[in-house]
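Protein chains get the first letters and strands the later ones, always in sequence-line order, with residue 1 at the start of each.
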Amino acid sequence: MTTFADLGVDQDIVEALSQRGIIDAFPIQEQTIPLGLPGQDIIGQAKTGTGKTFGFGIPVVQRLGANPEPGVKALIVVPTRELAVQVYEDMDMLTENRATSVVAIYGGKAYEGQIEQLKAGAQIVVGTPGRLIDLAGQRLLDLSNATEVVLDEADKMLDLGFLPDIEKIFQKVPAVRHTQLFSATMPGQIVTLARRFMSNPIHIRATDPDEGLTQANIKHLVYRAHSLDKDEVIARILQAEGREKTVIFTRTKRAAQKLVDELQDRGFAAVAVHGDMSQESRERSMAAFKAGKKDVLIATDVAARGIDVDDVTHVINHTIPDDEKTYLHRAGRTGRAGRTGIAITFVDWEDLHKWALINRALEFGQPEPIETYSSSPHLYADLQIPEGTKGRIATAPRADSAPKVDGAGGDRPRRRRSRSRGSASRPDAAAGAAAPRPAEGGGTHDGGGSEHRDGTSTPRRRRRRRGPRPDAAA
DNA sequence: AAAAAAG
């Protein structure tokens, strides 16, 4: 096991990390840090939740020196505001024992604080394209000395929607610079395009080529949603034992809002994040979810990438994502840092072709792992039992550590104060739903242990969880 | 087509 100290990381950074129990480097970090430190341009690719942020962040901090002059020397560009906040926090942590300061520059927020921090001499900027260009245009942000440049979620940043902004930004930074691009997904044509902004980049893939594209510790379940009351089924899944936090993705902002209202009415501690909300509300939702004050987050694809929340045990695709990349990123909100997780996808009738495409791209194996459900509540209750393979399980080809969520139960009432908003609210609906409880549970949390050699997952075989948290860097 | 990203 390689430690950060072994990789040549400065002592003060090692201390900031170790204070949080972070000692050993993940594979992507092990591979990119020794290259990034001397200034090698890198395209870094590693699966979701395997530590890419430190992979580029540590070299950025260290290369600025322990006592950098005031003024922007490093720029990290990300696709969403929430990710800007998160990466800002990571960078802030890495620099806590040195004079370097970090600022987050993104929209939906007052200019003043951001401008102040820039004027105070912040050296590292983490931001989203719009506000960065805005401030740069006003000469309030000087990028002419930003010799460290990172595109996080790089394939997204180089995608059509963002590319013009990214080109503008690259025009503002020095031609001679250190450039790092990171993402879990890096289509070949994006890699080709990326080379335009880099010099002799090395493409690092911290992935075993025949390991499959999906994370081995995420289990994938797919259900045909045709004639299914999705809200009802989701409500039941949310009562599964062993569930900690859940992220539910919808295709549209409106659908997200509708679902969060519905789930709140049913008594769940749910919050939403989508682009129709004020930035303040978005951040409030994220903070409550991260802190565990709320355990259900309903989101559009704004939260599909990068967002790192501990203890997300379930991801639910209320509507199927558009493509396999989005599928991978959404599912990757669970199963982070070696933990296990479950990704459940509902496929609407009109989206069957999308599923077929995703299924093929991700090499899930079973061609059409979809089964129709009747409206029997009992079947709904079984839905969250992975080993039941009720709805066929699509597993990555070599995924041999099929995780399981324990407990089949569907009857655990929410112990939430149901805030009756509006007289029509049904505060007890969740508890009332009390599905017949198919089996014992015995669930503690933290999906750990019990590896499971497979392809289809054995029905039967109810195991209790326990066992050590899978070694993070495994 | 939707979502994101400036206001």
Sugar-phosphate, base or nothing in reach of [X], heavy atoms under 4.0 Å:
{"X": "A/G161", "result": "base"}
{"X": "A/D165", "result": "nothing"}
{"X": "A/Y111", "result": "sugar-phosphate"}
{"X": "A/R305", "result": "nothing"}

task: Tell me, please, the opening and closing nucleotides of DNA chain B, 5' to 3', among those with an atom under 4.0 angstrom from a non-hydrogen atom of chain A.
output: B/dA1 to B/dG7

Keeping the roles fixed (side chain from [X], backbone from [Y]), state whether a donor-acceptor pair exists under 3.5 Å.
{"X": "A/R333", "Y": "A/A304", "answer": "yes"}
{"X": "A/Q40", "Y": "A/N200", "answer": "yes"}
{"X": "A/Q264", "Y": "A/A270", "answer": "yes"}
{"X": "A/D142", "Y": "A/S144", "answer": "yes"}
{"X": "A/R20", "Y": "A/M93", "answer": "no"}
{"X": "A/T319", "Y": "A/R251", "answer": "yes"}

message: Using the rule given for side chain to side chain contact (heavy atoms under 4.5 Å, CB included), can you reason through A/E167 versus A/F197, listing the C-alpha separation, both sets of side-chain angles and the distance that settles it, and then say yes or no?
response: CA-CA 9 Å; A/E167 283 176 324; A/F197 304 105; 3.9 Å; yes

query: Of the residues in residues 184-193 of chain A, which ones touch DNA chain B at a heavy-atom distance under 4.0 Å?
result: none

task: Could you give me the CA-CA distance, side-chain angles and deciding distance for A/K230 and A/D348, then say whether salt bridge (charged side-chain N to carboxylate O under 4.0 Å, His left out) is met?
output: CA-CA 10 Å; A/K230 286 200 272 185; A/D348 293 311; 3.1 Å; yes

